[in-house]
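When a ligand or atom number is given, it counts from 1 through the structure's own listing order.
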Amino acid sequence: MSTSGSIKSEQPDDTQNTFSDVDIESGANLAIAPKRTKKFIILIASVAALGGLIFGFDIAGAGATFVMGGFKHHFKWECAHDDIGCVGASQGTMDRDKGLINGLFGIGAAIGALLNSRLAEQFGRRITLGLSALVFIFGASIQAWAPVMEVMWAGRIFSGMGIGMLSMCSPVYIGECAPEHIRGALGTLWQLAITIGIVLASAMNIGLAKLDYGWRISYGGNILFAVILILCLAFMPESPRWLAAHGTEEQVKESLSKIDSEVEKLQHEVEEERKLGQAPWSEVFSNKNLMRRRVILGFVLFAFQQLCGINAVMFYAPDILNTFFTESQAITGTLVLNTINCLSTFITVATVDRFGRTKLLTLGGMLMFPCLVACGILSVAEQTQGVGYAVLVFAAIYIIGFAFSWGPVLWIVIPEMFPYRTRGKAVGICVMSNWIFTTLVGAVFPVASTASLGACFFFFAGAIFVAVGVVYVFQVETAEKTSEEIDQAYENHKPALKRKDW
Ligand code: BGC
């Protein structure tokens, strides 16, 4: 629990926090401040979270096209009845194509995340969000148009880059605009948007699968959200923390007045940050303030988020279920899983600030582990529909576990782990890790699961087991703490093995 801050901030009350109240108390020169409340912060966090909608729509869209007749015919994976002279692709070619469609997207995203650590510092969070959306629109347009597979691959790199850029910038922007007592809940909006995007795409895919050109909408439909994001940015304030380092005092005050009811407290933090300025790369990797250890921890945690296999399910659920069920049943089953993913995220909204981040990560991991083991055992059994239903049930419970813990919580915790001075660069590196491992899983899974689906599930189970151990030993609780308190918590933190309460 936060110990610093004004008395007012410890009693957050949505109905009372108008800025004219705060002005009178703090004496701050905020005469121009409009009467804006928590609702406005939720609104701007939701707009920033549109990046998540784009992200989720892509994840579910790309996976489903692999079983769409129109897509398979267009890229000659399968021959249409009237396509005389067509030679269908081999299993190896299809596995390579799928691996590259997902893999190149991930490489683009890793580059985008790292690139944005620089751009978001130089141009600000708001402009960079717009730039990211533009890069995405460029890539998505290429994909939707792709006449041949090579063009599709080129489009995947750019759409991935745009999404990687958004995934670095949106969570940072939300975290920097949010007052700490609701920082977790607001941060969850990012994941919620991802999961809504996934549900939306998988629901649409049922209809799109029936259209010859349906796959083009699966790859390009989310351009609409990118356009909305760009238009909304015109009305959004810049992050006060970025302005503290780069803007004038007046700009900081104006931004604060728009977004935060705890002006006095945030203003104090922002002033401290202004004095400190931005850290060079060398500081991000030095062990001053345990920074190197934190960067490695963030990198490793995001790696585990992927190594526990979530995107094997997200990208390839239609394919996995297709081994037990018909094509349309597989797509419907995927929609069920994706809806569960989305609804379970609300558990986080309700609990992440009250229970804290580390508890949710531990509980989620403990639920995911046995389900992965069960899926592993079932996958080596005979592939009947009965076994298929059992796999579906365990996959659903696994997804619930992920959706309230490792999914949303890491996107909240990683920006929180670093002080403003190093945040842009450090978060860029950690998000890059997320995408490197997304790429690895995306590229290797089609080949590995053809060799042994069971072994893949056992591997994922092992990863989540180790991941929970890493959280237990190394991670500090960041909920409701200010940046300074989080610094302190890392400095005082002892690995659990060295603590008396182990
Ligand atoms: C992960 C994504 C994943 C999504 C599924 C996110 O937190 O970073 O890789 O596809 O959750 O909901």
**Study point:** Numbering as shown, the atoms of ligand 1 that approach G407 to under 4.0 Å (heavy-atom distance)
**Key:** 7 (O)
Review point. Roughly how far apart are I377 CD1 and L372 CG, rounded to 0.5 Å?
Key: 11.5 Å
Review point. Closest non-hydrogen protein atom to atom 7 (O) of ligand 1, residue and atom name please, with distance?
Key: Q191 OE1, 2.7 Å
Review point. Using the benzene-type ring in the case of Trp, are the ring centres of Y389 and F325 under 6.0 Å apart?
Key: yes
Practice item. May I ask you to say whether K72 pairs ionically with D97, meaning some side-chain N is under 4.0 Å from a carboxylate O? Key: no
Check your understanding: What do you reckon, does T195 have a nitrogen or oxygen under 3.5 Å from a nitrogen or oxygen of ligand 1?
Key -> no
Practice item. Please identify which atoms of ligand 1 are closer than 4.0 Å to at least one heavy atom of I59. Key: 10 (O)
Study note, to complete from the structure: Judged by heavy atoms only, the candidate from N338, N341, I194 nearest atom 12 (O) of ligand 1 is N341
Revision key, fill the gap. re atom 9 (O) of ligand 1, the protein heavy-atom contact at minimum distance is N311 ND2, 2.7 Å
Check your understanding: With a 4.5 Å limit on heavy-atom distance, are the side chains of I194 and I198 in contact?
Key -> yes
Check your understanding: Near N434, which atoms of ligand 1 are under 4.0 Å from a heavy atom of that residue?
Key -> 8 (O)
Review point. Which ligand 1 atoms are under 4.0 Å away from a heavy-atom of Q305?
Key: 1 (C), 7 (O), 8 (O)
Review point. Looking at ligand 1, does any of its N/O atoms fall within less than 3.5 Å of an N/O of F402?
Key: no
**Study point:** Criterion salt bridge (charged side-chain N to carboxylate O under 4.0 Å, His left out) on R421 and D487, from CA distance to verdict
**Key:** CA-CA 12 Å; R421 205 173 138 65; D487 279 348; over 6 Å; no
Check your understanding: Where is the tightest heavy-atom contact between A146 and V151, given as atom of each residue plus distance?
Key -> CA-CG1, 3.9 Å
**Study point:** Aromatic contact, W153 with F158 (centres under 6.0 Å)
**Key:** no
Check your understanding: At a 4.0 Å threshold, what atoms of ligand 1 neighbour a non-hydrogen atom of I198?
Key -> 5 (C), 12 (O)
